[in-house]
Amino acid sequence: MSGILRLRHALIKLLTEAVSEAQQQGKLPAVTLPEVLLEHPRYAEHGDYACSLALKLARTTGLVPLAIAKDIVGLITPPPEISQIAVAPPGFINFMLKDNWLASQVEEILAAGDGYGSIDMGRGSWVQVEFVSVNPTGPLHVGHGRGGVLGSTLANVLASAGYKVETEYYLNDAGSQIDAFQRTLYARYQQGLGTDAEMPADGYLGSYMVDLASEIIAQEKDSFLKLPEDEAVPALGRVGLAKMVTQIKAALEQLGVKFDVWFSEQSLYDKGQYDKAMARLSQGGYISQREGAVWFGATALGEDKANVVVRGDGSPTYFASDIAYHYNKFVERKFDTVINIWGADHQGHVPRMKAVIAALDINPERLKVIISQLVTLRRGDELIRVSKRSGDIITLSEVIDEVGRDACRFFFLARSADSQMDFDLELAKKQSEDNPVYYVQYAHARIASILRLAEERGIDFSGGDVSLLTTEPELSLIRKALLLPEIVEVVATTLEPHHLAYYAQDLATVFHSFYKQCRVVSEDEVLSQARLKLVKATQIVLARTLHLMGMTAPERM
RNA sequence: GCGCCUAUAGCUCAGCGGACAGAGCAUCGGUCUUCGGAACCGAGGGUCGUGGGUUCGAAUCCCUCUAGGCGCGCCA
């Protein structure tokens, strides 16, 4: 664990102990302690950390907050990293860090290198992040890109936070939508070969299906026409599906998203997962038969109504698959925590799935579902339809071609998953000059350039004395750089990757400001060496932040 | 009708129980211009959707209402 995080936890412990000591001495009534939180005050004069514990204790004890704060502070022996503990009205306890301790932390960043920002909160706990998981019945669009960026970033952060992480794409290669896909493809295939064929009523109308058919015709000619229809449809379908999956993988790779596991829905049935899961649920009395269908009902577990698992015609619903899938995740593969990232249109599915988990006798807390709100694509004022079924779409791949991968990722990461967003292609391109993406990356390139200069001049700063870093711009930069482990902790706790994007911008801002005020490579060799160490440390932190976001940290731009 | 998400500066969004509500863009004004000006500094701009409530303290928690998005299938 980094020094800064260790210190944070130490301060919380000191505060906690001081309160119980005060209680033993009778200075404070024996009320239960509220959670001790340390925050970073907005204003520098309030110190590096602030605690409102005394304010909170005032409520339960009926005492004056300022007096409580003074009592608590009186019982704390300040650790060596702290220069001052102050009590400020109406009852805040503020901690100031020692400048020379701050400066010494530059060495810690340097020593940690690329590993700076890694923490051990996960303690090797096993986490699965499942995301995108789009039906392979059409190309990916921007909305899927948001899920991909969210998921891959979260996986990066969780791994850095000490979790054992596995990413997964759940491939719906079974079910009625695949069926419709196959029949659509067959129709397009026939049409492509000059045969009159009618599109299925529930077919996919997009022109990409026509392209897919002609691609197959180019390779396989009319070979599928020679088979009887009931053989041709699935055979052709398999070929089409494979091509679709390849396309999806390529688009994701363009976005910098890779999966450890591609999990087949069909395999749940082939490998008996479905039967095992259903047997368990039946044992628990959660399965019933009615109106010719099989239902899952768990009103006792908070579900308001029952849902069909097996249709009247004997075919399982997607809900059946999801039951088996989650049984597999928790029971067979034994993930400690499973994170699913779903689009807003799946929101209603969350309570149902939690009920299933509970019915399997698994703590539903272990399933975390992140709902990412919908993305609408627009070009200026023109809205672009994204419905796969009804027509043509702009694919994710086209968007990345147009906007670029880094910009695309940053754009998605710059807002919380909770808020809907418009992805305006015109704006994304027009803004590319003063886009925050470039602002952040520019900071990194600038640093690289300084280090290059130092190297050209043959400056060896390995012996630099960081205690020479004492001015405000230098210390501000150090403070900001030292925040990374905390950001990792926050993101891993809240599962909200957008904090990274804001942090990256903040760090870049503080660096640019430092750069303006402090000449790094100068006549003063000793100071130059110290500042080069700081610059190098900043580069490490900035690069790590960018990499966590799945972005590049360019040496030049 | 019910459920979930959203409403904060002109625009796009952070902040989600604490000390004077922030950033980017846009607008206006300035800087240095020997390490990358894709930079820096400053200014203006906000009844935090509405109305109640809880609290020493609310943008933040609870309730009402309004507006927008998404759901509420033997689709996924």
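In this text the structure is predicted, and so the values were computed from the model without any measurement. Just so it is clear: chains get the letters A, B, ... in the order the sequence lines come, proteins before strands, and each one is counted from 1. Computed from heavy atoms alone, side chains included, the values below leave out hydrogens, waters and symmetry copies.
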Check your understanding: Roughly how many Å is it from CG in A:L38 to P in B:G17, rounded to a whole number?
Key -> 15 Å
Review point. Crowded around A:E402 CD? As in, over 12 foreign heavy atoms under 6.0 Å?
Key: yes
Check your understanding: Mind checking the C1' distance from B:C20 to B:G46? Whole angstroms is fine.
Key -> 14 Å
Point to revise | Gap in Å between the two C1' atoms, one belonging to B:A19 and one to B:C56, rounded | key: 13 Å
Point to revise | Nucleotide of B:C35, B:G68, B:A39 approaching A:V520 most closely (side-chain heavy atoms) | key: B:C35
Practice item. Examine distances only and state if a side-chain atom of A:N328 and a backbone atom of A:Q273 form a donor-acceptor pair shorter than 3.5 Å. Key: no
Practice item. Quote, to the nearest angstrom, the C1' distance that separates B:A14 from B:C70. Key: 23 Å
Check your understanding: Does a side-chain N or O from A:Y43 land closer than 4.0 Å to OP1 or OP2 of B:A21, or not?
Key -> no
Practice item. Give the rounded distance in Å between these two atoms: CZ of A:F423 and C1' of B:U12. Key: 13 Å
Point to revise | Non-neighbouring partners of A:D422 that pass side chain to side chain contact (heavy atoms under 4.5 Å, CB included), sequence neighbours left out | key: A:T376, A:R378
Check your understanding: How close or far is atom C1' of B:G18 from atom CD1 of A:I93, stated in whole angstroms?
Key -> 13 Å
Exercise for review: Specify the residue among A:S449 and A:D313 whose closest nucleotide of RNA chain B lies further upstream toward the 5′ end.
Suggested key: A:S449
Study note, to complete from the structure: On RNA chain B, more 5' by nearest nucleotide between A:H499 and A:D418 is A:D418
Review point. Which whole number of Å gives the distance between the C1' atom of B:C61 and that of B:G17?
Key: 8 Å
Which donor-acceptor pairs under 3.5 Å do the side chains of residues 33-40 of chain A make with protein atoms, sequence neighbours left out?
from: A:H40; atom 1: ND1; to: A:D48; atom 2: O; distance (Å): 3.1
from: A:H40; atom 1: NE2; to: A:E486; atom 2: OE1; distance (Å): 2.5
from: A:H40; atom 1: NE2; to: A:E486; atom 2: OE2; distance (Å): 3.4

Review point. Given the C1' atoms of B:U27 and B:G44, what is the spacing between them in whole Å?
Key: 9 Å
Check your understanding: Rounding to the closest angstrom, what is the interatomic distance between B:U55 and B:A67 at atom C1'?
Key -> 29 Å
Exercise for review: Determine: side-chain N/O of A:S416 to OP1/OP2 of B:A14, distance under 4.0 Å, yes or no.
Suggested key: yes
Check your understanding: Heavy atoms under 4.0 Å, any strand shown: does A:Q517 hit a base, just sugar-phosphate, or nothing?
Key -> nothing
Exercise for review: With the side chain of A:L453 defined as its heavy atoms from C-beta on, choose the nearest nucleotide among B:A19, B:G24, B:C35.
Suggested key: B:C35
Practice item. Counting heavy atoms from C-beta on, name the nucleotide in B:C35, B:G57, B:C20 closest to the side chain of A:R59. Key: B:G57
Point to revise | Minimum-distance nucleotide (side-chain atoms of A:H498 versus B:G15, B:C35, B:G3) | key: B:G15
Exercise for review: Mind checking side chain to side chain contact (heavy atoms under 4.5 Å, CB included) for A:A537 and listing every partner two or more places apart, or none if nothing turns up?
Suggested key: A:V106, A:I109, A:L110
Revision key, fill the gap. Separation of B:U6 atom P from A:E496 atom CD, nearest Å, is 10 Å
Point to revise | C1' gap between B:A7 and B:C48, integer Å | key: 10 Å
Revision key, fill the gap. Counting only Watson-Crick and G-U wobble pairs with both atom distances below 3.5 Å, the stems of 3 or more consecutive pairs that include RNA chain B are B:1-7 with B:66-72, B:10-13 with B:22-25, B:27-31 with B:39-43, B:51-53 with B:61-63
Review point. Between A:S267 (side chain) and A:D270 (backbone), is there a donor-acceptor pair under 3.5 Å?
Key: no
Exercise for review: Would you indicate what A:R42 reaches in the nucleic acid, counting non-hydrogen atoms under 4.0 angstrom: base, sugar-phosphate, or nothing?
Suggested key: sugar-phosphate
Exercise for review: Mind checking A:C51 for me? I need base, sugar-phosphate or nothing, with any heavy atom below 4.0 Å counting as a touch.
Suggested key: nothing
Review point. With sequence neighbours left out, what residues match A:I487 under side chain to side chain contact (heavy atoms under 4.5 Å, CB included)?
Key: A:V491, A:L500, A:Y503
**Study point:** Counterpart residues, side chain to side chain contact (heavy atoms under 4.5 Å, CB included), relative to A:V87 (two or more places apart)
**Key:** A:L66, A:A69, A:K70, A:V73
Review point. Touch check for A:S176, heavy atoms < 4.0 angstrom, all strands: base, sugar-phosphate only, or nothing?
Key: sugar-phosphate
Review point. To the side chain of A:N135, which of B:C35, B:G57, B:A76 is closest?
Key: B:A76
**Study point:** Nearest listed nucleotide, side chain of A:K516, among B:C40, B:C70, B:G69
**Key:** B:C40
Practice item. Scan A:R415 against the nucleic acid and name what it touches under 4.0 Å (heavy atoms): base, sugar-phosphate only, or nothing. Key: sugar-phosphate
Practice item. Quote, to the nearest angstrom, the C1' distance that separates B:A58 from B:C16. Key: 10 Å
Practice item. Tell me, please, whether A:Y327 has A:K329 positioned over its six-membered ring: NZ or CZ under 6.0 Å from the ring centre and within 45 degrees of its axis? Key: no
